[in-house]
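In listed order, ligands and their atoms are each counted from 1. This chain uses plain numbering: 1 for the first residue, then up along the sequence. What you see is a predicted model, and the numbers here were worked out from it, not measured in a lab.
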Amino acid sequence: MNAKYLDLLAQKYDCEEKVVTEIINLEAILNLPKGTEHFVSDLHGEYQAFQHVLRNGSGNVKGKIEDLYKKILTEKEIREFATLVYYPEEKIQLMKNDFDNERELHQWYTVIIERMINLISYASSKYTRSKLRKALPSQFVYIIEELLYKTDEYTNKEPYYTKIVQQIISLGQADKLIIGLAYTTQQLVVDHLHVVGDIYDRGPEPDKIMDTLINYHSVDIQWGNHDVLWLGAFAGSKVCLANIIRICARYDNLDIIEDVYGINLRPLLNLAEKYYDDNPAFRPKRHSDEKVTEEEQLQITKIHQAIAMIQFKLESPIIKRRPDFKMAERLLLEKIDYEKNEITLQGIRYQLENSCFATVNPEQPDQLLEEEEQVMDKLLFSVQHSEKLARHMNFLMKKGSLYLKYNGNLLIHGCMPLDEEGNMEKMVIENKTYAGRDLLDTFEHYLRYAFAHPEETDDLATDMVWYLWTGEYSSLFGKREMTTFERYFIKDKKTHKERKNPYYHLREKEEICRKILEEFDLNPDQGHIINGHTPVKEIDGENPVKANGKMIVIDGGFSKAYQSTTGIAGYTLLYNSFGMQLVAHKQFNSKEDVLINGTDVLSVKRLVDKELERKKVQETNVGEEILQELSILNSLMEYRYVK
Ligand SMILES: O=P(O)(O)OC[C@H]1O[C@](O)(COP(=O)(O)O)[C@@H](O)[C@@H]1O
Ligand SMILES: [Mn+2]
């Protein structure tokens with residue numbers, strides 16, 4: 001090993017004991033059980049439901065409480081304790097209302113602090129003390145450690161502990177301590193979170209999900225098609241930008257654009273008021289809990305049409321300048337007979353309903369009006385200058401990738417594009433042919449380039465981000481076409497169908513999944529593919545675990561809009577040292593419901609895979625890194641200290 005490098009390292013480890021301590025520490029960590037991984041996907045702006053799953057660790061918190069207290073506490077007490085761990089601030093407040101006097105409250109504090117300490121001690125048993133320390137509320141570390149590491153062997157310290165707890169209570173610190181301990185517990189039950197794509201769109205609060213992820217202790221993200229749409233907009237793609245605004249209008253979420261990210265929609269509204277009127281195909285979907293006035297609804301309906309038409313126009317020049325995308329079929333505006341209000345698709349003529357083509361010049365249907373162009377310029381400027389959006393998009397880039405190999409598994413939002421025979425689909429980009437992993441790496445390369453060059457708006461990289469949203473061979477989309485236009489304007493439902501890549505039925509076969517794992521240099525005997533993207537219809541008996549357990553699809557529909565199709569409210573996956581468990585969540589109503597009624601019988605667990613032997617850190621990605629560190633430290637030891 002390079003002597004300069006080792007000299008530099010010796011500045012940090014400036015005595016033999018320091019190196020030895022670190023080596024012993026790392027060796028010990030390698031032998032601990034592997035930490036729990038938590039997989040979620042397709043969150044689609046459903047912040048509240050996501051919060052609940054995070055706070056209860058997909059049922060993990062309750063499981064730990066039951067392990068400890070099943071024989072001691074009643075079911076109701078267990079539920080109440082679990083609720084306290086999920087929502088400590090609110091639950092404490094509710095409990096306080098129940099007590100008649102100070103003494104009762106103090107008794108409750110004493111009991112709860114002891115239970116919390118027990119729970120933390122149990123939940124942290126597979127971590128080092130140093131890792132636990134980092135997870136403790138910083139202002140109480142010393143006190144909690146005293147309480148955690150008390151032994152009953154010599155009872156003469158007992159009054160000392162009792163005194164500590166009493167002091168905390170009488171100094172008015174109990175609430176803060178309990179709240180801190182609750183968050184520590186939430187953190188301990190999940191070591192690492194994977195978000196397998198689609199944080200954005202449809203639901204109302206994607207920004208709050210982003211803030212949560214930014215503050216989360218350990219997370220990675222596999223981009224979904226909806227996430228790259230937002231990345232694309234920020235990277236300068238006007239067609240991506242038109243899409244995100246269209247989807248926000250459709251789901252009555254324009255406040256995400258205006259209020260959350262501070263983007264001025266006034267110019268777009270002015271344009272919309274000038275050219276559009278009411279139109280049933282463009283009325284926003286209503287949130288069940290929100291009231292929209294007639295006037296607001298009309299405004300949104302107009303904006304929705306204005307931005308949808310801009311989107312359709314913007315698609316054309318990209319399709320024309322990128323023959324590699326093979327999307328000529330989607331030059332729809334050119335297939336319209338504007339006099340008869342009809343369109344011809346694959347030789348069949350369809351009547352157009354609810355059309356709104358006031359800004360379209362039949363001679364040059366993809367030409368933007370000057371006003372439309374100005375609106376888009378202004379919107380793009382404001383998107384690229386939104387400080388909050390910049391923060392969220394930078395994080396999405398930093399923690400995100402198109403796919404991820406992690407602890408032997410392959411995480412990917414959509415698919416690996418295949419042909420009917422199960423071969424990796426080929427795509428030609430600028431005279432070079434790509435397939436399989438190589439194709440995905442190439443996509444990612446373009447996306448990163450586009451993001452790094454937001455000033456370039458019509459280059460191949462920026463167009464490629466839009467391709468990732470909607471292209472046939474996009475691993476995030478994986479359908480032959482996106483029939484947005486048809487769903488707005490054509491009645492015949494046959495035209496709405498989006499033909500899926502063969503992957504989506506071939507992935508039922510074990511040999512196909514094995515082949516894909518091998519394509520990514522993963523061991524097919526041990527690895528799994530984990531997908532989101534396509535809602536698993538439990539309602540129709542679809543099984544999320546496919547291909548003899550090699551394939552797990554966890555999109556169960558956090559998205560409220562899709563819950564009637566799936567029959568559940570989302571899947572999550574837990575992978576701990578004993579194996580993998582799939583958790584099916586029933587519908588999440590509200591935090592209030594959990595707090596008041598303790599309705600937390602949300603999750604049904606199903607075993608996917610059981611480890612024959614308990615998995616240790618040394619067999620994981622983290623273990624690999626530790627082994628590398630150890631090898632460096634051993635070199636340092638030899639170079640510097642062993643005589
Ligand atoms: O139901 P909506 O919101 O109109 O969206 C439908 C569109 O969303 C898509 O399903 C893509 O979104 P998902 O990644 O969530 O599946 C398209 O295939 C489809 O055209
Ligand atoms: Mn998706």
Side-chain angles (χ1 to χ4, degrees), residues 39-46 195-204 206 209 221-232 239-240 242-254 256 281-287 300 304-305 307-308 311-312 315 327 330 332 354 396 400 402-403 411-417 443 465-490 493-501 503-504 530-537 553-566 570-571:
F39 302 73
V40 300
S41 89
D42 297 270
L43 303 171
H44 284 300
E46 296 297 340
V195 181
V196 195
D198 279 358
I199 295 163
Y200 278 89
D201 291 335
R202 298 202 182 110
I209 298 181
I221 298 165
Q222 294 71 55
W223 301 310
N225 46 341
H226 290 273
D227 306 322
V228 296
L229 203 53
W230 284 73
L231 287 171
V239 72
C240 289
N243 263 289
I244 63 174
I245 298 176
R246 179 184 63 79
I247 296 172
C248 282
R250 177 165 158 75
Y251 282 88
D252 187 12
N253 284 327
L254 285 171
I256 300 175
F282 288 87
R283 286 187 198 137
K285 290 176 184 253
R286 292 245 178 123
H287 298 300
I300 301 168
H304 191 179
Q305 295 168 82
I307 199 68
Q311 178 198 315
F312 297 134
E315 289 172 357
M327 289 176 76
R330 302 303 300 161
L332 300 176
N354 302 315
L396 206 49
L402 216 52
Y403 66 87
L411 284 59
I412 188 165
H413 176 69
C415 67
M416 179 70 248
F443 284 148
V465 186
W466 175 69
Y467 184 86
L468 282 173
W469 158 245
T470 191
E472 178 178 11
Y473 297 143
S474 155
S475 53
L476 307 181
F477 180 53
K479 298 178 194 165
R480 184 72 189 83
E481 62 280 286
M482 195 175 282
T483 58
T484 313
F485 182 94
E486 289 87 329
R487 279 182 287 118
Y488 283 128
F489 299 122
I490 305 177
K493 286 228 158 82
K494 277 202 292 299
T495 64
H496 301 181
K497 193 166 166 49
E498 297 178 343
R499 289 164 291 168
K500 287 185 180 154
N501 183 274
Y503 173 88
Y504 293 103
I530 295 154
N531 282 167
H533 189 49
T534 47
V536 177
K537 296 179 181 157
V553 186
I554 58 170
D555 179 7
F558 266 95
S559 180
K560 287 215 178 96
Y562 279 58
Q563 283 171 3
S564 54
T565 348
T566 60
Y571 292 106

Shortest reach to atom 10 (O) of ligand 1 by a heavy atom, considering only Lys479, Arg246, Lys500, Glu486: Lys479
Report yes if [X] has an N/O atom closer than 3.5 Å to an N/O atom of ligand 1; otherwise report no.
| X | answer |
| --- | --- |
| His226 | yes |
| Arg487 | yes |
| Glu498 | yes |
| Tyr251 | yes |

Do any of the N, O or S atoms of Asn225 sit under 2.8 Å from the Mn ion (ligand 2)? yes
Using a strict 4.0 Å cut-off to heavy atoms of [X], name the atoms of ligand 1 that fall inside it.
| X | value |
| --- | --- |
| Phe477 | 18 (O) |
| Asp198 | 14 (O), 15 (O) |
| Arg250 | 1 (O), 2 (P), 3 (O), 4 (O) |
| His44 | 15 (O) |

Which residue holds the protein heavy atom closest to atom 1 (O) of ligand 1, what is that atom called, and what is the gap in Å? Tyr562 OH, 2.8 Å
So which heavy atom in the protein is nearest atom 5 (O) of ligand 1, and how far is it from that ligand atom? Arg202 NH2, 3.0 Å
Decide side-chain contact (heavy atoms from CB on, under 4.5 Å) for Phe443 and Leu468; before the verdict, give the C-alpha distance in whole Å, the side-chain angles of both, and the deciding distance to 0.1 Å. CA-CA 8 Å; Phe443 284 148; Leu468 282 173; 3.6 Å; yes
Nearest to the Mn ion (ligand 2) - the N/O/S atom of Asp198, by atom name: OD2
The Mn ion (ligand 2) has as its nearest N, O or S atom from His533 the atom ND1
Donor-acceptor check, side chain of [X] to backbone of [Y], threshold 3.5 angstrom: yes or no?
| X | Y | value |
| --- | --- | --- |
| Asp198 | His226 | yes |
| Ser474 | Phe477 | yes |
| Asp201 | Gly45 | no |
| Glu315 | Val239 | no |
| Tyr467 | Tyr473 | yes |

Report yes or no: does a heavy atom of Asn225 sit under 4.0 Å from some atom of ligand 1? yes
Can you give me the closest heavy-atom contact between Ile247 and Arg202, atom names plus distance? CG2-N, 4.2 Å
Looking only at heavy atoms, the pair that brings His533 and Tyr504 closest together is CD2-OH, 3.3 Å
Over 60° means perpendicular and under 30° means parallel, so classify the ring planes of Phe489 and Phe282, tilted if in between. tilted
Ligand 1 contact on Asp201 by region, counting heavy-atom pairs under 4.0 Å: neither
Tell me the contacting part of His533 for ligand 1: side chain, backbone, both, or neither, using a 4.0 Å heavy-atom threshold, strictly below. both
Which of Arg250, His304, His496 passes side chain to side chain donor-acceptor pair (under 3.5 Å) with Tyr488? Answer is His304
Take Arg330 and Glu472 through the test salt bridge (Lys or Arg N to Asp or Glu O under 4.0 Å) and record every step on the way to the result. CA-CA 12 Å; Arg330 302 303 300 161; Glu472 178 178 11; over 6 Å; no
